[in-house]
Amino acid sequence: MVRVRFAPSPTGYLHVGGVRTALFNWLFARRMGGKFILRIEDTDLERSSKEFEVLILESLKWCGLDWDEGPDIGGDFGPYRQSERKETGIYQNYAQKLVEAKKAYFAVHDPEDSKKVIKKAFEWPQEYFKKGYDITIKFKIEEGETRFNDLLKGKMTFKNDVFDDIVIIKSNGFPTYNFAVVVDDHLMKITHVIRGEDHLSNTPKQIMIYQAFEWNPPEFMHIPLILGKDRSPLSKRHGGTSVNYFREQGYLNKALMNYLALLGWSVEEEIFDYKEKVETFTLNSISNKSVIFDYQKLEWINGKHLRNIDTIELYSIFYDWLKTFKKEEIEVIRELDINKSYALKVLKICREKVNTLAQLLEMIKPFLVDEYEYEGKYIEKFKSDGQAAKVLEESIKIFEKARELDNTDEIRKLLENVSNNVEVKRKRAFQIVRGALLGKLITPGLFESIQVLGKSRTLQRLKRTLEIGRNWK
RNA sequence: GCCCUCAUCGUCCAGCGGCCUAGGACAUCGGCCUUUCACGCCGGUGACCGGGGUUCGAAUCCCCGUGAGGGCGCCA
């Protein structure tokens with residue numbers, strides 16, 4: 001049974017690099033019919049916080065990466081928080097075993113220079129402890145070489161003498177990362193460790209600890225890191241990096257996952273639902289090269305998904321997003337609530353023009369809000385065009401006579417009549433009408449927009465602009 | 001400094017000794033469509049890091065450089 005884990009430390013938001021690692025673990029677990037385990041590595045008391053843990057779990061859920069065992073749902077190998085595991089004494093006990101086997105020792109540190117060890121002992125150095133010295137447990141590095149096979153890098157060999165003895169228990173009693181991972185991965189029966197390449201050089205140390213316990217190490221796979229445009233590690237300098245950031249910007253979880261999967265992965269079709277990839281996922285389709293995060297491609301993928309999904313689904317995603325991140329848009333939210341069928345029509349034509357929910361909001365707003373604003377460009381156009389008012393007056397006249405405005409071909413003919421009657425070029429007339437209806441010069445198709453707005457709303461808006469436009473002179 | 005990893009268009013991926021005058025996608029540029037912007041379609045620019053080998057033949061294999069990234073914490 002395949003058992004893999006994702007083990008974030010709650011010291012910040014969930015980074016897209018972390019999600020990508022989690023995604024590959026998840027995909028592998030689901031593909032193999034195994035278990036995906038979530039473990040919180042909170043052994044750094046200074047930097048870990050409960051708030052970040054909550055956010056990380058929430059981000060993971062938003063990404064659709066569900067876990068089979070974890071701190072919130074438990075499981076047979078709990079607890080799943082290292083701080084809680086520490087309370088049970090397991091790390092201390094296992095470290096003690098190594099000391100008894102003379103594979104680790106108590107180290108008394110020089111208070112002046114904590115790097116310096118002034119005393120090594122296989123017995124608890126009580127007298128130093130009493131005097132307040134910092135005491136750790138260090139793992140002794142043996143002579144020789146350490147080998148392991150990395151699923152992506154191939155055979156790895158490290159000379160042991162490049163490593164110094166490693167602290168496994170800190171002076172505060174907490175285990176260090178390199179020790180806790182080994183103990184936990186073993187106790188949790190992890191079969192495959194898929195993690196970032198930044199852990200590659202740590203692996204031999206961990207292997208040595210496995211060997212000291214005579215435990216079988218799991219399989220290892222180190223996947224390349226995500227970099228920014230300048231090839232330095234992806235950070236806030238390059239733009240947003242947390243799941244929360246992309247969520248807030250109006251990216252769809254499916255699109256983010258799609259892009260992350262695509263990044264450093266070879267597939268036939270670029271646009272896909274990552275959940276369907278469970279069927280065909282293989283570890284060796286992951287590339288062995290660090291990758292640069294491409295914000296533009298992500299946006300393109302997001303636009304594709306935005307247009308692919310069902311309008312109803314888009315409606316609910318958009319609605320939830322507004323409620324979460326754009327609470328101040330009360331009028332938009334209200335219109336969405338009370339006039340769903342109209343909103344659906346608006347969404348349908350607006351999504352053709354945008355790539356993110358934030359862009360969608362801008363596009364959609366003037367359709368829902370009757371007190372829409374006019375952008376400066378339009379006001380300028382209106383002022384400088386001597387025929388603008390005439391175009392609007394003529395439109396009102398023609399539209400009022402029309403039966404209904406529910407057919408784009410008819411709307412086109414009516415508008416053509418307007419431009420003919422006023423003797424203004426179509427393009428010019430259409431832009432004046434467009435801005436009059438929505439306040440902007442960039443909108444969905446004019447005919448579709450009028451169709452969606454409907455006769456009465458269209459007339460009302462033309463009159464409104466005519467009225468307000470008088471003050472622009 | 002020592003150790004490890006990686007190296008094809010600006011970016012991601014394809015290529016795994018001859019099919020490569022190197023292919024696809026995003027971006028970019030030009031055109032078409034057209035009521036704006038986009039979508040869509042058509043086309044262009046654009047890369048095998050350098051040097052040595054091996055071989056009849058190398059983007060593909062080997063070595064050496066160089067560059068980039070990672071590690072060398074009582075961080076994870």
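Everything quoted here is computed from the prediction, not taken from an experiment. Order of the sequence lines sets the chain letters (A, B, ...), proteins ahead of strands, with each chain counted from 1.
Counting heavy atoms from C-beta outward, A/Val243 and A/Leu60 have side chains that stay 4.5 Å or more apart. Considering only heavy atoms from C-beta on, A/Met257 comes within 4.5 Å of A/Leu260 through its side chain.
Side chains of A/Asn302 and A/Thr356: no donor on one and acceptor on the other come within 3.5 Å. Remark: the A/Asp44 side chain and the A/Tyr177 side chain contain no N/O donor-acceptor pair separated by less than 3.5 Å.
Taking atom P on both nucleotides, B/rA25 is separated from B/rC42 by 9 Å, rounded to a whole Å. Here, B/rG46 and B/rA14 have their P atoms 23 Å apart, quoted to the whole Å. Using atom P as the reference point in both B/rG10 and B/rU66, the two lie 23 Å apart (nearest Å). B/rC26 and B/rG18: their C1' atoms are spaced 32 Å apart (whole Å). Look at the C1' atom in both B/rA22 and B/rG40: the space between them is 28 Å, to the nearest Å. With both ends at atom P, the span from B/rC9 to B/rA47 equals 9 Å, rounded to whole Å. Taking the C1' atom of each, B/rC48 and B/rC20 are spaced 10 Å apart, rounded to whole Å. Nucleotides B/rA7 and B/rC64, compared at atom P, are 16 Å apart to the nearest Å.
A/Lys138 has no carboxylate O lying under 4.0 Å from a charged side-chain N of A/Asp164, or vice versa, which leaves the two without a salt bridge. Between A/Lys277 and A/Glu268 a salt bridge is recorded (basic side-chain N to carboxylate O distance below 4.0 Å).
The nearest whole Å value for the distance from the NZ atom in A/Lys353 to the P atom in B/rC39 is 9 Å. Counting to the nearest Å, the C1' atom of B/rA38 and the CG atom of A/Asn302 are 15 Å from each other. The separation between A/Ile207 atom CD1 and B/rC4 atom C1' is 14 Å, rounded to whole Å. In this structure, CD1 of A/Ile292 is placed 13 Å from C1' of B/rC26, rounded to the nearest angstrom. As rounded to whole Å, 13 Å separates atom C1' of B/rU11 from atom NE2 of A/His238. Across the protein-nucleic acid pair, A/Ile364 atom CD1 and B/rC37 atom P stand 22 Å apart, rounded to whole Å. Computed from coordinates, the A/Ile223 CD1 to B/rC6 P distance equals 15 Å when rounded to whole Å. Atom-to-atom, CG of A/Leu437 to P of B/rU35 comes out at 17 Å; the value is rounded to the nearest Å.
The partner of B/rG65 is B/rC49, judged by Watson-Crick or G-U wobble contacts that both fall below 3.5 Å. Using Watson-Crick or G-U wobble geometry with both donor-acceptor distances under 3.5 Å, B/rA58 finds no partner in any strand shown. The partner of B/rU11 is B/rA25, judged by Watson-Crick or G-U wobble contacts that both fall below 3.5 Å. Summarising the base pairing, B/rC19 is matched to no nucleotide, lacking a Watson-Crick or G-U wobble pair whose two defining distances lie under 3.5 Å. A 3.5 Å limit on both hydrogen-bonding distances identifies no Watson-Crick or G-U partner for B/rU34. Across all strands shown, B/rC75 forms no Watson-Crick or G-U wobble pair with both distances under 3.5 Å.
Contact annotation for A/Lys153: backbone-only contact, meaning every heavy-atom pair under 4.0 Å involves sugar-phosphate atoms and none involves a base. Using a 4.0 Å heavy-atom cutoff across all strands shown, A/Phe158 reaches sugar-phosphate atoms only and no base atom. The residue A/Ile301 sits apart from the nucleic acid: no heavy atom pair falls under 4.0 Å. When heavy atoms are screened at a 4.0 angstrom cut-off, A/Gly264 is found touching the sugar-phosphate backbone but no base atom.
When distances run from any side-chain atom of A/Gln296 to the nucleotides B/rC26, B/rA38, B/rC12, the shortest one goes to B/rC26.
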Report each atom pair, protein N/O against N/O of nucleotides 42-45 of chain B, whose distance is under 3.5 angstrom.
none

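Between A/Trp265 and A/Phe281, the distance separating the two ring centers is shorter than 6.0 angstrom. For an aromatic pair to be called close, the ring centres must be under 6.0 Å apart, and A/Trp67 with A/Phe6 fails this. If you look at A/Phe122 and A/Phe106, their ring centroids are not closer than 6.0 Å. A ring-centre distance under 6.0 Å is not found for A/Phe24 and A/His192.
Judged by the 6.0 Å and 45° rule, A/Arg464 forms a cation-pi pair with A/Tyr372.
Listed pair A/Thr443 / B/rU36 fails the phosphate criterion, with no side-chain N or O lying under 4.0 Å from OP1 or OP2. Residue A/Lys304 places at least one side-chain N or O closer than 4.0 Å to OP1 or OP2 of B/rG40.
Within residues 407-427 of chain A, the residues having any heavy atom closer than 4.0 Å to RNA chain B are, in order of number, A/Lys427.
A/Arg195 and A/Thr21 get closest at one heavy-atom pair: CA-CG2, 3.8 Å. Scanning both residues, A/Leu306 and A/Leu357, for their nearest heavy atoms gives CD1-CD2, 3.8 Å.
The base of B/rC6 does not come close enough to the side chain of A/Lys289 for any donor and acceptor atom to sit less than 3.5 Å apart.
Annotation: of the two residues near RNA chain B, A/Trp265 and A/Val354, the 5′-most nearest-nucleotide partner is A/Trp265.
Among the candidates A/Trp300, A/Phe293, A/Tyr251, the single residue satisfying the ring-ring contact (aromatic ring centres under 6.0 Å, His included) test with A/Tyr259 is A/Phe293.
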Give the B/S/- string for nucleotides 67-76 of chain B, one per nucleotide from 5' to 3', where a protein heavy atom under 4.0 Å of the base yields B, of only the sugar-phosphate yields S, and otherwise -. -SSBSS-BBB
